[in-house]
Amino acid sequence: MAKKTLVPFGPQHPVLPEPVHLDLVLEDETVVQAVPQVGYVHRGLENLVDKRDFQQFTYIAERICGICSFGHSMGYSQAVENLMGIEVPERAEYLRVIFHEMSRMHSHLLWLGLAADAFGFESLFMHSWRLRERLLDIFERTTGGRVILNFCIPGGVVHDIENTELEAIVSTLRGMREDYDQIAATFLDDASVRSRLSGVGYLSKADARTYGCVGPMARASGWDVDVRNNGLGAYSALADFKPVTSQDGDCYARCQVRVEEVRQSIDIITELASKIPDGETLVKIKGNPAEGAESLTRIEQPRGEAIYYIKGNGTKFLERCRVRTPTSTNIPGMCATLGGSDLADVPNIVLTIDPCISCSER
Amino acid sequence: MSGLFKLGKMTLQSLFSKPATVAYPAEPREYYPMTRGQVSIDIAACIQCGTCERGCPTGCLAVDKANYTWSINRYQCVQCQHCVRSCPVHCLTMRHNYTESATEKHVDVYGLTPAQRAVKDAEARARAEKQAKAREAALAKKRAKAQAEKGGAEKAAGTGAASAAKGGAGTTAGSGDASGGDEGARNA
Amino acid sequence: MRFQDTKFIQIDAQDILGIATAKRADDWRFLEVHANRPNKEGKVEIVWSFFDDRALQAVAYEAFVDPGSSVDSLSGIFPCAFMFENEMHDLYDITVRNISLDYHGNFYQVTCDAPMMDRDADKPRRTVSLGNGGTYATTAPDAPVQGEARQDPAAPAHEDERPDAAGAATGE
């Protein structure tokens with residue numbers, strides 16, 4: 001008869017970028033059940049809608065999370081534009097997507113570093129983050145901040161990025177590619193990495209659909225759910241976009257999906273930078289959101305699909321702003337994959353959903 | 001060896017190249033021209049309109065119109081640059097370097113020298129006087145117009161046939177002139 | 001398409017279970033559920049949203065309920081709903097029946113009930129302590145309100161005791 005023990009995991013744990021607590025019920029070394037507990041970084045940011053007007057709220061939306069910061073500002077801006085019927089200039093749309101894809105790259109490189117750290121491969125962790133520094137340098141050079149960019153506001157983008165600067169960005173990314181290929185080869189082919197990630201934390205496609213997983217977690221199980229399929233904004237200018245999927249559904253597959261998505265992002269940025277039209281980058285917003293107007297928009301954050309629901313009430317303050325982030329939807333799926341896994345694999349599995357708890361709790 | 005030590009090339013490279021980190025503070029940090037460090041103001045150019053104060057998402061700015069000062073709580077500032085962008089006279093700029101560390105939080109207040117303040121006070125007084133004069137002139141003009149119409153009504157009442165007087169009284173009834181008299185009362 | 005057009009449909013709160021079952025059968029995806037602050041009539045609005053991957057169409061169902069009322073949980077049909085329903089219960093005081101994993105108000109350790117409902121109201125706060133053998137115990141709502149934030153133990157307690165930088169004696 002196996003003995004049941006309760007092991008608390010988190011909120012402070014070396015693999016976790018943000019605090020989440022799991023109560024793991026173990027039978028000997030196997031996890032039988034995992035009960036999540038969140039709330040360690042709940043700041044009640046949604047409460048600030050009646051203290052900051054809808055244009056100032058962009059700055060708050062950006063600071064919901066440090067890793068997916070640009071995605072939040074872009075999603076919020078899109079939601080406000082949807083609410084008030086504002087058409088953003090095409091050049092602004094292209095610039096937004098270029099920066100969003102760079103944000104995805106920086107987030108995935110951060111995750112790759114943390115994943116390497118999780119199974120003890122410290123040097124790979126350092127190399128990934130060293131590569132990521134080049135992206136952060138691009139951000140600082142073009143927008144002024146390394147993680148919080150303050151670049152996307154309702155109406156467009158704050159200032160224009162010259163075409164010469166875009167070419168410099170593309171050539172930096174091309175220069176990164178060789179180093180990145182080495183890191184990617186290590187993640188995908190190294191024997192020690194494979195032995196830690198292969199076959200661990202399996203989630204079938206049916207389960208992914210049942211649990212409503214989104215993002216790379218769902219795509220690794222073979223389900224091609226991706227908001228970029230919608231073809232909104234500058235994504236419609238891409239010649240061909242197919243989400244990166246894998247059929248294996250284990251931790252290795254999720255790692256594989258993220259590795260490939262970095263390469264896909266480099267391709268997207270290169271393509272859009274060559275196709276970007278000239279023109280304005282910002283339209284001024286006049287007036288306030290109408291009373292009773294609502295809008296619900298979605299974007300593809302690095303971790304999955306994020307939803308922005310905004311409701312206006314006729315004043316310059318919004319009535320409600322609700323952000324649903326992908327981690328909230330992925331946590332139940334993660335708890336399902338934890339069932340049946342070894343205790344030693346728990347950090348790896350928790351990390352492969354790319355937990356961004358500060359997003360999911362706001 | 002195919003599955004092991006994939007990072008060989010990168011490791012060897014980093015063994016013989018210079019470190020990726022900066023030996024701060026011995027080596028100074030190179031900032032980019034656009035780096036958002038801290039807000040600075042050219043206080044002489046500030047017109048104390050308060051646009052920055054109203055737009056600041058953290059509420060760290062305070063503008064005192066009477067004393068011509070602008071203050072910032074740098075520890076609340078999130079370097080979002082909203083004030084720099086929205087200032088109508090462009091007296092705010094963003095410096096590259098971060099706020100210096102301190103042992104206790106304080107508010108930075110920027111004000112004018114007594115000489116500059118005297119100049120601004122004189123300008124304000126001159127503006128106020130000009131406005132007062134303009135208001136007086138407008139009032140005088142209005143009074144003159146009313147007097148002219150009153151004079152016109154009396155003349156019409158003095159000369160006229162009843163219909164002409166009624167018409168005249170009708171035009172002066174709007175101005176509420178009590179000397180419209182009997183005709184005005186009958187019309188009302 | 002430039003804009004994402006979501007359909008907003010008004011329903012009765014008790015119909016949501018039937019709608020969700022139909023959506024599951026139709027292979028739709030559950031996006032989220034949340035509540036809005038009371039409107040002018042004092043009713044709380046609950047919004048459930050679903051997404052059709054084939055038509056790329058989002059639909060949101062809205063229901064007005066009285067504050068403190070209860071609705072059915074969708075976690076039997078869409079397991080990931082329990083996160084949002086617990087949050088709704090903690091922040092807006094909407095009781096959700098039959099959540100698969102029910103935290104009974106301890107999902108977020110907030111210091112007052114339903115903090116998002118009437119944001120300007122001054123509600124009595126309670127202390128929240130984690131620990132006590134792994135339980136997330138909160139004291140009763142009518143417990144005495146705790147004082148201001150903990151002081152730095154190294155800082156002088158009273159202003160007069162603070163060392164004078166200039167070294168001048170008091171009374172000068």
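Computed from a predicted model, the values in this text were never measured in an experiment. Letters A, B, ... mirror the listed sequences (proteins, then strands); counts begin at 1.
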- [ ] For atom CD of A/E162, decide whether the heavy atoms of other residues, nucleotides or ligands shown that lie under 6.0 angstrom number more than 12.
- [x] no

Turns out that what part of A/V158 lies under 4.5 Å from chain B's heavy atoms comes down to side chain

Here the gap from A/T143 atom OG1 to B/Y32 atom OH, rounded to the nearest 0.5 Å, amounts to 11.5 Å

By residue number, those in residues 115-125 of chain A with heavy atoms under 4.5 Å from heavy atoms of chain B are A/F121, A/S123, A/L124

Check whether more than 12 heavy atoms from other residues, nucleotides or ligands sit under 6.0 Å from atom CD of B/Q76, and answer yes or no. yes

Of all heavy-atom pairs linking A/I148 and B/R36, the shortest is O-NH2, 2.8 Å

The interface call for A/T58 against chain B, heavy-atom contacts under 4.5 Å, is neither

query = Do the non-hydrogen side-chain atoms of B/P57 and A/Q55 ever get within less than 4.5 Å of each other?
reply = no

Item to check | Residues, nucleotides or ligands: over 12 heavy atoms within 6.0 Å of B/E123 CD | outcome: yes

Answer key: most heavy-atom pairs under 4.5 Å with chain B among A/H127, A/H159, A/R130 is A/H127

If one checks every heavy atom of B/T58 against chain A at 4.5 Å, the contacting part turns out to be backbone

In terms of heavy-atom pairs under 4.5 Å with chain A, the winner among B/M94, B/H96, B/H82 is B/H82

Contact between B/V78 and A/R63 at the side-chain level, heavy atoms closer than 4.5 Å - yes or no? yes

What one should report as the nearest heavy-atom pair of B/R54 and A/Q56 is O-NE2, 3.1 Å

When the 4.5 angstrom heavy-atom criterion is applied to A/D179 and chain B, the contacting part is both

* Asked: Salt bridge check: are B/E30 and A/R141 linked by an N-O gap of less than 4.0 Å?
  -> no

In this structure, SG of B/C80 is separated from CG of A/L149 (nearest 0.5 Å) by 13.5 Å

Any side-chain heavy atom of A/N150 within less than 4.5 Å of one from B/Q81? no

